[in-house]
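All residue numbers in this chain count up from 1 along the given sequence.
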Amino acid sequence: MPVVTNFSDLDLTKQYTYADYLLWQFSERVELLRGFISKMSPAPAKTHQVISRKLTRYIDRYFEDKPCGFFVAPFDVRLINHKKSTPDNKIFSVVQPDLCIVCDLEKLDEKGCHGSPDLVIEILSPGNSKKEMGIKFDLYEENGVKEYWIVEPAENSIFVYTLQNGKYIGLKPSIEGSKITSPLYPDLDFEIEKIFEN
């Protein structure tokens, strides 16, 4: 397949490979979810950016002296669709989590992360709630992402899911007036108000 420079040249009903994804050179931001193109918002809204920056401050401080990589979008994470892949035909998803932690540094290369991060954080926007809550939830679960946070700005809350026996278990939502603590990294904790205050 030749290099694609116009998003409109792609067939949104077709399933693509990671090799195809590497040939896309257009300005639109996309993810590859189970082989299908998912167009991302052109730029996150102000609230999304502010929350991302505040989370970054706490998380970066916590991991500063630890042997883990901390990455913010856009950063490609390549995951295999285990349910539909065969030994001869691996179907990849390429996602760009808002924030992620990778402690197995062998998974990192110049193109991003090949395999599951340890912690993924997605900040919901009006246009992506269904995608984050559905497809990505399943992808992260089946690929063994140990901890998954869904940040809901409209409700000033964070939902934490931890992987147990291959399935996500949801913890009590962290809401205003409470503290969030990572089950995977118990010393990573902070007051919820600090994230959502204007």
Side-chain angles (χ1 to χ4, degrees), residues 1 4 7 10-26 28-41 44 52 55 59 63 67-125 127-151 158-170 182-185:
M1 182 177 185
V4 178
F7 177 76
L10 296 175
D11 180 353
L12 300 184
T13 64
K14 179 182 171 185
Q15 199 167 36
Y16 289 93
T17 67
Y18 180 60
D20 296 326
Y21 177 88
L22 292 175
L23 296 172
W24 299 341
Q25 297 178 10
F26 38 75
E28 291 86 352
R29 287 183 60 210
V30 299
E31 292 179 307
L32 198 61
L33 299 179
R34 301 192 187 280
F36 293 97
I37 298 167
S38 176
K39 193 171 179 182
M40 300 174 71
S41 302
S52 179
L55 284 167
I59 294 168
F63 283 99
C68 297
F70 173 43
F71 303 94
V72 298
F75 177 76
D76 284 351
V77 173
R78 297 160 349 247
L79 303 172
I80 294 176
N81 180 353
H82 294 287
K83 292 179 181 174
K84 295 195 175 177
S85 290
T86 64
D88 298 327
N89 181 28
K90 297 238 188 282
I91 298 173
F92 277 91
S93 290
V94 183
V95 294
Q96 294 185 354
D98 290 306
L99 307 166
C100 68
I101 300 295
V102 182
C103 293
D104 180 353
L105 302 182
E106 295 288 317
K107 294 179 179 179
L108 300 173
D109 58 29
E110 287 305 310
K111 292 181 174 64
C113 178
H114 186 201
S116 58
D118 296 270
L119 168 63
V120 165
I121 300 173
E122 296 281 10
I123 304 166
L124 298 183
S125 298
N128 70 358
S129 299
K130 183 178 178 184
K131 180 171 60 175
E132 255 66 67
M133 295 294 282
I135 298 171
K136 283 188 173 182
F137 185 98
D138 293 341
L139 270 175
Y140 295 150
E141 183 180 70
E142 74 184 57
N143 277 274
V145 174
K146 295 173 187 170
E147 191 170 314
Y148 178 32
W149 295 11
I150 299 175
V151 181
I158 301 177
F159 299 88
V160 176
Y161 298 89
T162 182
L163 198 66
Q164 295 179 17
N165 299 317
K167 292 288 180 191
Y168 277 137
I169 304 299
S182 164
L184 195 56
Y185 308 104

- request: With rounding to the nearest 0.5 Å, note down the distance linking OH in Tyr140 to CG in Leu119.
  value: 10.5 Å
task: Nearest 0.5 Å please: distance from the CD atom of Glu142 over to the NZ atom of Lys167.
output: 9.0 Å
- prompt: Ignoring hydrogens and geometry, is there a side-chain-to-backbone donor-acceptor pair from Glu147 to Val160 under 3.5 Å?
  reply: no
query: Within the distance-only criterion (no hydrogens, no angle test), does the side chain of Asp109 pair as donor or acceptor with the backbone N or O of Lys111 below 3.5 angstrom?
result: yes
field: CD/Glu106: more than 12 non-hydrogen atoms of other groups inside 6.0 Å
entry: no
- request: Could you label the plane-to-plane angle of the Tyr168 and Tyr148 rings as parallel, tilted or perpendicular, counting under 30° as parallel and over 60° as perpendicular?
  value: tilted
query: Is a side-chain donor or acceptor of Asn143 paired with a backbone partner of Ile80 at a separation under 3.5 angstrom?
result: yes
- prompt: When you measure from the side chain of Glu31 to the backbone N and O of Ser93, does any donor-acceptor pair fall under 3.5 Å?
  reply: no
task: Apply side chain to side chain contact (heavy atoms under 4.5 Å, CB included) to Asp138 and Arg34, showing your working.
output: CA-CA 11 Å; Asp138 293 341; Arg34 301 192 187 280; 3.5 Å; yes
- prompt: Using the ring of each side chain (for Trp, its six-membered ring), is Tyr18 parallel, tilted or perpendicular to Phe92, with breaks at 30° and 60°?
  reply: tilted
query: Less than 4.5 Å apart, any side-chain heavy atom of Ile123 and any of Leu55?
result: yes
- request: Would you please test Tyr161 and Ile150 for side chain to side chain contact (heavy atoms under 4.5 Å, CB included) and show each step?
  value: CA-CA 8 Å; Tyr161 298 89; Ile150 299 175; 3.9 Å; yes
query: Between Lys107 (side chain) and Ser116 (backbone), is there a donor-acceptor pair under 3.5 Å?
result: yes
field: Closest approach of Gly69 to Leu105 (non-hydrogen atoms, all atoms of both residues)
entry: N-CD2, 3.8 Å
- prompt: Aromatic rings Phe26 and Phe7: how do their planes relate, parallel, tilted or perpendicular, breaks at 30° and 60°?
  reply: perpendicular
- prompt: Could you give the distance from CG (Leu79) to NE2 (His114), rounded to the nearest 0.5 Å?
  reply: 8.5 Å
query: Hey, does Val30 have a side-chain heavy atom less than 4.5 Å from the side chain of Tyr16?
result: no
- prompt: In this structure, which one of Cys100, Pro97, Pro117 forms a side chain to side chain contact (heavy atoms under 4.5 Å, CB included) with Phe75?
  reply: Cys100
query: Do Ile37 and Trp24 have side chains that get closer than 4.5 Å, going by heavy atoms?
result: yes
statement: Closest non-hydrogen atoms of Ser52 and Leu99, given as atom of the first, atom of the second and distance, are OG-CD2, 4.0 Å
- prompt: Do you know the tightest heavy-atom contact between Ile91 and Gly35?
  reply: CG2-N, 4.0 Å
message: Donor-acceptor check, side chain of Asp20 to backbone of Thr17, threshold 3.5 angstrom: yes or no?
response: yes
task: Report the C-alpha separation of Asp98 and Ile121 in whole Å, then their side-chain angles, then the decisive distance to 0.1 Å, and conclude whether the side chain to side chain contact (heavy atoms under 4.5 Å, CB included) test is met.
output: CA-CA 6 Å; Asp98 290 306; Ile121 300 173; 5.5 Å; no
- prompt: Which heavy-atom pair separates Arg29 from Gln96 by the least distance, and what is that distance?
  reply: NH2-OE1, 3.0 Å
task: Using salt bridge (Lys or Arg N to Asp or Glu O under 4.0 Å) as the criterion, list what pairs up with Asp118, not counting sequence neighbours.
output: Lys146
field: Distance, nearest 0.5 Å, that separates CG of Asp104 from SG of Cys113
entry: 8.5 Å
- prompt: If you measure from OG on Ser182 to CD1 on Ile158, what distance do you get to the nearest 0.5 Å?
  reply: 11.0 Å
